[in-house]
There are 2 protein chains.
Amino acid sequence: MEVRRRLAANMKRLRKAKGWSQEVLADAAGVDRTYVSGIERLVRNPTITVLERIAQALDTPAGHLLDPPT
Amino acid sequence: MEVRRRLAANMKRLRKAKGWSQEVLADAAGVDRTYVSGIERLVRNPTITVLERIAQALDTPAGHLLDPPT
DNA sequence: GTGTGACTCAAAGTCCGTT
DNA sequence: AAACGGACTTTGAGTCACA
């Protein structure tokens, strides 16, 4: 479950760094708006392919989204 | 799908580096033997929590399993 | 020691909405 | 802009027998 927390935190941080709403990120990643919300709130457990699409949208390596906070 | 290929490759490489069979890795990660087989053959699309368990078994950061080949 | 098909069941993922 | 819910379809999780 630790990776889910890290993903949520990293995703939120990078998303905000771009000044993006959840919906903008969702559209950019090609996933549903409510799904992005669910990941950030830790109620969802995405597959690695969804992780990949979100990473591409955020212009960062997929693995980086799972890294511990610096 | 790229992450799936990378996971398969990295997992196989690290597994073999330990001299482990798919079955030994499966036991260490707490998943089924055939499931490990399925990931390596790209027929499975694991969630990030499964990725986490495999990473722990291989004693490597989860994100590292998604990295491109060096 | 690994590949594969088939299976159940829970969860991934989408789409509609309201607060 | 984001949390949250319901209903829905598709896919992953997890397991087995057999090759």
Side-chain angles (χ1 to χ4, degrees):
Chain A
M1 302 290 272
E2 182 63 20
V3 283
R4 286 173 62 184
R5 233 174 287 130
R6 290 179 180 175
L7 169 60
N10 288 324
M11 186 170 127
K12 196 166 187 173
R13 181 174 46 79
L14 292 170
R15 174 173 71 77
K16 298 229 165 189
K18 288 188 177 279
W20 285 1
S21 68
Q22 291 178 348
E23 190 162 11
V24 169
L25 171 57
D27 289 346
V31 300
D32 196 77
R33 163 181 69 78
T34 64
Y35 200 69
V36 167
S37 171
I39 293 173
E40 287 192 0
R41 287 178 294 119
L42 304 180
V43 299
R44 295 288 185 161
N45 183 34
T47 56
I48 62 174
T49 54
V50 166
L51 175 72
E52 179 174 40
R53 283 149 70 189
I54 292 172
Q56 285 168 348
L58 291 170
D59 197 34
T60 195
H64 183 238
L65 290 176
L66 306 180
D67 286 346
T70 48
Chain B
M1 301 289 274
E2 183 62 21
V3 284
R4 285 172 63 183
R5 237 175 292 130
R6 290 179 179 176
L7 169 59
N10 288 324
M11 187 171 123
K12 196 166 187 172
R13 180 173 47 78
L14 292 170
R15 174 173 72 77
K16 298 225 167 189
K18 288 187 177 279
W20 286 2
S21 66
Q22 291 178 350
E23 192 163 9
V24 170
L25 171 57
D27 289 347
V31 300
D32 196 79
R33 169 186 77 75
T34 64
Y35 197 73
V36 167
S37 170
I39 294 174
E40 287 192 359
R41 287 177 296 118
L42 305 179
V43 298
R44 296 284 188 160
N45 184 31
T47 56
I48 61 174
T49 54
V50 168
L51 174 71
E52 180 173 40
R53 284 151 66 188
I54 292 171
Q56 286 169 348
L58 291 172
D59 198 34
T60 195
H64 184 239
L65 290 176
L66 306 181
D67 287 346
T70 48

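Values below: all heavy atoms of this structure, side chains included; hydrogens, waters and symmetry mates excluded. Below, read A as the first sequence line, B as the second, and so on, with proteins coming before strands; counting in each chain starts at 1.
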Short side-chain N/O contact to C/dG3 OP1/OP2 from B/Ser37, under 4.0 Å:
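So the side-chain polar atoms of B/Ser37 do come within 4.0 Å of the phosphate oxygens OP1 or OP2 of C/dG3, strictly under.
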Side chain of [X] only, heavy atoms from C-beta on: which candidate in [options] is closest?
{"X": "B/Arg44", "options": "C/dT2, D/dT15, C/dG13", "result": "D/dT15"}
{"X": "B/Arg15", "options": "C/dT14, C/dT2, C/dG3", "result": "C/dT2"}
{"X": "A/Gln22", "options": "D/dA2, D/dC4, C/dT14", "result": "D/dA2"}
{"X": "A/Thr47", "options": "C/dT14, D/dG12, C/dG1", "result": "D/dG12"}
{"X": "A/Val50", "options": "C/dG13, C/dT2, D/dG12", "result": "C/dG13"}
{"X": "A/Arg33", "options": "C/dT2, C/dA12, C/dG17", "result": "C/dG17"}
{"X": "B/Asp32", "options": "C/dT14, D/dT15, C/dG3", "result": "D/dT15"}
{"X": "A/Thr34", "options": "D/dG5, C/dT4, D/dA2", "result": "D/dG5"}

Rounded to whole angstroms, how far apart are [atom1] on [X] and [atom2] on [N]?
{"X": "B/Leu51", "N": "D/dG12", "atom1": "CG", "atom2": "P", "result": "15 Å"}
{"X": "B/Arg41", "N": "C/dT2", "atom1": "CZ", "atom2": "P", "result": "11 Å"}
{"X": "A/Ile48", "N": "C/dA12", "atom1": "CD1", "atom2": "C1'", "result": "14 Å"}
{"X": "A/Tyr35", "N": "C/dG17", "atom1": "OH", "atom2": "P", "result": "22 Å"}
{"X": "B/Asp27", "N": "C/dT2", "atom1": "CG", "atom2": "P", "result": "12 Å"}
{"X": "B/Ile54", "N": "D/dG12", "atom1": "CD1", "atom2": "P", "result": "14 Å"}
{"X": "A/Asn45", "N": "C/dA10", "atom1": "CG", "atom2": "C1'", "result": "12 Å"}
{"X": "B/Ile39", "N": "D/dG12", "atom1": "CD1", "atom2": "P", "result": "11 Å"}

Flag, side chain of B/Arg15 to backbone of B/Trp20, donor-acceptor distance under 3.5 Å
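Side chain of B/Arg15 to backbone of B/Trp20, a donor-acceptor pair under 3.5 Å: yes, one is there.
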Just by distance, do the side chain of A/Arg33 and the backbone of A/Gln22 share a donor-acceptor pair under 3.5 Å?
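No, because the side chain of A/Arg33 does not come within donor-acceptor range (under 3.5 Å) of the backbone of A/Gln22.
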Check whether any side-chain heavy atom of B/Leu7 lies under 4.5 Å from a side-chain heavy atom of B/Leu42, and answer yes or no.
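Not touching, per the 4.5 Å side-chain cut-off.
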Which part of the nucleic acid, if any, lies within contact of A/Gly19, taking any heavy atom under 4.0 Å across all strands shown: a base, the sugar-phosphate backbone alone, or nothing?
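Result for A/Gly19 = nothing.
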Mind checking if A/Val31 touches a base, just sugar-phosphate, or nothing, with heavy atoms under 4.0 Å?
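Contact class for A/Val31: sugar-phosphate only.
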Does the distance from a Lys or Arg side-chain N to an Asp or Glu carboxylate O, for B/Glu52 and A/Arg4, drop under 4.0 Å?
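Result for this pair is no, no salt bridge flagged.
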On DNA chain C, does the nearest nucleotide to B/Val24 precede the nearest nucleotide to A/Arg4 from the 5' side, or the other way round? Give the residue.
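Per heavy-atom nearest nucleotide, the more 5' residue is B/Val24.
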Heavy-atom pair of closest approach, residues B/Asn10 and B/Leu65
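B/Asn10 and B/Leu65 have their closest heavy atoms at ND2-O, 2.9 Å.
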